[in-house]
Every structure is written in structure tokens, then in C-alpha cells.
Amino acid sequence: MDSAAPAPPEHEDELVNRDRRLAGASLAAAAERYGLELPPSSTRGKGFAGRLLEVALGATAGSRAAPDFPELGIELKTLPVDLQGKPRESTWVCHCPLDGSLPISWADSWVRQKLSRVLWIPIVYDASAELGDRRIGLPILWSPNAEEASMLGQDYEALAERVALGEADTISARHGVALQIRPKAADARQADWVVGEEGEWTLANPRGFYLRASFTGAMLARRVTTGG
DNA sequence: GACTGATCATGG
DNA sequence: CCATGATCAGTC
């Protein structure tokens, strides 16, 4: 049942206030409130927190390639953190095409668009917590400041250059200070046709862009300790 | 404990 | 199948 799901928020304030009312709730409690079944384990529940918050906050984009709140231009991201508020994981941003269609410049990139305005919702838990015991934290509405945009842009353009040179095979998660490229697929057997170093077509594992935990951690620390 | 590569679920 | 949503789990 999704009868408890609200209509899309019309203003940023409304969106943020909705999450403030959810803050402190466990995922189990929030799931019950919105009529979602709690997955039987965290392994089977990857992505559950994100889908739950989409329902709870009235996101509309579903699985389409659009912001979660198209009218507000806001992307919703849950961010798993430990009890000290430190990110436990990197953050998925978007697919990284290896077929020659990836924009070379940061200004034209989908990564920049996706990250231009993000509502971060911390999911707070320690290592022993079951999925349902993880708690929803206070939201942070974020846009990259000059320093953050500069870091992201430099990483992006360095990575995009490697992709453009057909060095897909040599791209690993080791590159990039804030932004990295990692495998992103149902399993390692999945493959896409990509342009190789000699311009030939070869198969490679699908990749995506991720934000390193060190980057989101610094972002959170700045926003929390300075008040915004 | 951090980090990378691998993997799980849902919907169109 | 491909996009969305991420976290797991082995290795460094």
C-alpha cells in the first residue's frame, strides 16, 4: 500500500520539513508508516533506505533518468553514516558510458547536473545494527561550494580524458580524489561494448561515478559544524 | 579500518 | 535489458 505517500513537495522548505519530521525514526517504523515491507536482511535490502525515503518524501521520478524532485531540481540521496556521523560508504552518482558519449568537460557533464542540488539524508547506524534498526537523520540540502566544485571538476575531467582515450581497461577506483569510477552492474559477467585504445570495439564491465566517503564526510562536517 | 571490486532489489 | 536505489565482503 502506498496510501500514506504524500504528494510531491512544492517548495524546498516543505521537502526539508518533511524529512525533519521523519528524523529519529527507524527504517522499520518508517516502512510500516508508509506501507512498505522491510527486506529480510541488509544484503537483500540494498537500496531500501533510498526507496523508502523517496516514498516518504513524495519523490516522483521513480527509475527514470530525472531528478527525484523535477520541479525543484533536487536529487535525493541517503548517506549511511556511523554514530559519529562519518560516512560508511561511497555514494553512487550516475552511470559512466564508455562508448564515446561521455562529455569531456565538467560543465557539460551529467555528474555536475546530478550534484548541483542534493538533499542528503543520513542513515545512522553502527556495525551491528539490523536494517530495520537503522535511523533516519537530519537532512542537509547541499550545493557544491567553489572548493567542492573545483575538486569534482578536476577529478571528472581527468577521468573523462582517460575514458575518451579508450583506456577503459586501465580505469580503476584508485583514480580521483573526490570522484571515482567503479564497476556498477548486477555482476562481473555483465559487459558493455566500449571503445578501446586503438578505437576498436571491445567488451568491458559497466562503470559508474561514485563520491568517495572522504569527500562526503568533509562535506557533512563543514555543513554540520558551521551550520550551513 | 579503509578501499576496491562485486553484488542485490525493483520497475519500466 | 537498462535505469533507478545502494551496500556487501574480501583484500590491502
Side-chain angles (χ1 to χ4, degrees), chain A residues 1-2 5 27 30-31 34-70 74-99 101-102 110-111 113-115 118-134 136-137 155 159 168-194 203-218:
Chain A
M1 295 286 236
D2 60 356
L27 295 184
Y34 292 97
L36 300 187
E37 191 171 341
L38 193 69
S41 70
S42 55
T43 301
R44 311 263 298 220
K46 296 180 186 182
F48 179 73
R51 280 180 275 114
L52 171 60
L53 269 296
E54 285 180 350
V55 170
L57 299 179
T60 56
S63 63
R64 285 177 296 139
D68 294 295
F69 302 97
I74 292 175
E75 181 74 17
L76 175 66
K77 291 253 172 245
T78 58
L79 181 60
V81 300
D82 65 19
L83 300 185
Q84 283 71 242
K86 200 174 91 175
R88 312 183 65 95
E89 296 286 349
S90 53
T91 301
W92 159 254
V93 180
C94 60
H95 180 62
C96 174
L98 303 176
D99 62 357
S101 68
L102 181 70
W110 194 7
V111 175
Q113 276 189 51
K114 274 253 180 188
L115 297 180
V118 178
L119 184 69
W120 296 101
I121 300 180
I123 303 296
V124 187
Y125 58 100
D126 70 21
S128 64
E130 300 292 326
L131 179 63
D133 295 331
R134 301 176 183 185
I136 299 169
D155 279 350
L159 291 166
D169 289 344
T170 72
I171 295 170
S172 81
R174 292 179 180 77
H175 305 287
V177 177
L179 191 68
Q180 61 182 169
I181 290 178
R182 300 234 302 279
K184 164 69 172 179
D187 60 65
R189 258 51 66 185
Q190 295 223 342
D192 286 339
W193 288 104
V194 310
L203 285 169
N205 190 239
R207 310 299 174 93
F209 287 102
Y210 292 78
L211 296 176
R212 288 187 184 276
S214 56
F215 177 82
T216 52

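Lettering follows sequence order; numbering is per chain, from 1. Computed from heavy atoms alone, side chains included, the values below leave out hydrogens, waters and symmetry copies.
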Open item on the list: Output the rounded distance in Å from NZ (A:Lys46) to P (C:dA3).
Closed with: 19 Å
Open item on the list: What is the separation between atom NE2 on A:His175 and atom P on B:dC3, rounded to the nearest whole Å?
Closed with: 16 Å
Open item on the list: Let me confirm one number: the CD-CG distance from A:Glu75 to A:Leu119, rounded to the nearest 0.5 Å.
Closed with: 10.0 Å
Open item on the list: On the nucleotide B:dT7, are OP1 or OP2 found under 4.0 Å from the side-chain N or O atoms that A:Arg189 carries?
Closed with: yes
Open item on the list: Whether A:Thr78 contacts C:dA6 is assessed here as follows: a side-chain N or O lying under 4.0 Å from the phosphate OP1 or OP2. Is that the case?
Closed with: yes
Open item on the list: Looking at B:dC3, I'd like to know if its phosphate oxygens (OP1 or OP2) sit under 4.0 Å from a side-chain N or O belonging to A:Arg182.
Closed with: no
Task: A:Asn205 side chain vs A:Gln190 backbone, donor-acceptor pair below 3.5 Å - done: yes
Open item on the list: Reading DNA chain C from 5' onward, which residue's closest nucleotide shows up sooner: A:Thr43 or A:Gln190?
Closed with: A:Gln190
TODO: Have a look at A:Arg134 and say if it touches a base, only the backbone sugar-phosphate, or nothing, with a 4.0 Å heavy-atom cut-off.
DONE: sugar-phosphate
Open item on the list: For A:Tyr210 and A:Lys86, find the nucleotide of DNA chain B closest to each by heavy atoms; which residue's nucleotide sits nearer the 5' end?
Closed with: A:Lys86
Open item on the list: My understanding is that only one of A:Leu27, A:Leu79, A:Val81 makes a side-chain contact (heavy atoms from CB on, under 4.5 Å) with A:Ile123; could you say which?
Closed with: A:Leu27
Task: Distance, rounded to the nearest Å, where A:Glu54 contributes CD and C:dA6 contributes C1' - done: 11 Å
Open item on the list: Taking any heavy-atom pair under 4.0 Å as a contact, classify A:Ser172: base, sugar-phosphate, or nothing.
Closed with: sugar-phosphate
Open item on the list: Regarding A:Ala188, tell me which of base, sugar-phosphate or nothing describes its non-hydrogen contacts under 4.0 Å with the strands shown.
Closed with: sugar-phosphate
TODO: Report which part of the nucleic acid A:Gly50 touches: base, sugar-phosphate, or nothing (heavy-atom distance under 4.0 Å, all strands).
DONE: sugar-phosphate
Open item on the list: Between A:Arg44 and B:dA9, is there a contact of a side-chain N or O with OP1 or OP2 at under 4.0 Å?
Closed with: yes
- [ ] Give one of base, sugar-phosphate or nothing for A:Pro80, where a contact means two heavy atoms less than 4.0 Å apart.
- [x] sugar-phosphate
- [ ] Nearest whole angstrom, please: distance from the C1' of C:dT7 to the CG of A:Leu27.
- [x] 13 Å
TODO: Please check the phosphate of C:dC8 (OP1 and OP2 only) for any side-chain N or O of A:Ser42 closer than 4.0 Å.
DONE: yes
Task: Whether A:Arg207 side chain and A:Ile171 backbone form a donor-acceptor pair below 3.5 Å - done: yes
Open item on the list: Which residue in the set A:Thr91, A:Val111, A:Val118, A:Asp155 passes side-chain contact (heavy atoms from CB on, under 4.5 Å) when paired with A:Leu211?
Closed with: A:Thr91
TODO: May I have the distance from A:Gln84 (atom CD) to B:dA2 (atom C1'), rounded to whole angstrom?
DONE: 16 Å
TODO: Among B:dG5, C:dA6, C:dA3, find the nucleotide with the atom closest to the side chain of A:Lys77.
DONE: C:dA6
- [ ] Establish, with yes or no, whether the OP1 or OP2 oxygen of B:dA6 is under 4.0 angstrom from a side-chain nitrogen or oxygen of A:Lys184.
- [x] no
- [ ] Calculate the interatomic distance between A:Tyr34 atom OH and B:dT10 atom C1'; express it in whole Å.
- [x] 20 Å
Task: Spacing of A:Trp92 atom CH2 relative to C:dT4 atom P, expressed in whole Å - done: 6 Å
- [ ] Verify, without hydrogens or angle tests, whether A:Asp68 (side chain) and A:Ala59 (backbone) share a donor-acceptor contact under 3.5 angstrom.
- [x] no
TODO: Answer with base, sugar-phosphate or nothing: what part of the nucleic acid does A:Ala185 contact at a heavy-atom distance below 4.0 Å?
DONE: base
Open item on the list: Classify A:Trp110 by what it touches in the nucleic acid, base, sugar-phosphate, or nothing, heavy-atom distance under 4.0 Å.
Closed with: sugar-phosphate
Task: Phosphate-side-chain proximity, A:Arg88 and B:dA2, N/O vs OP1/OP2 below 4.0 Å - done: no
- [ ] Report the distance from atom CD of A:Glu89 to atom C1' of B:dA2, rounded to the nearest whole Å.
- [x] 11 Å
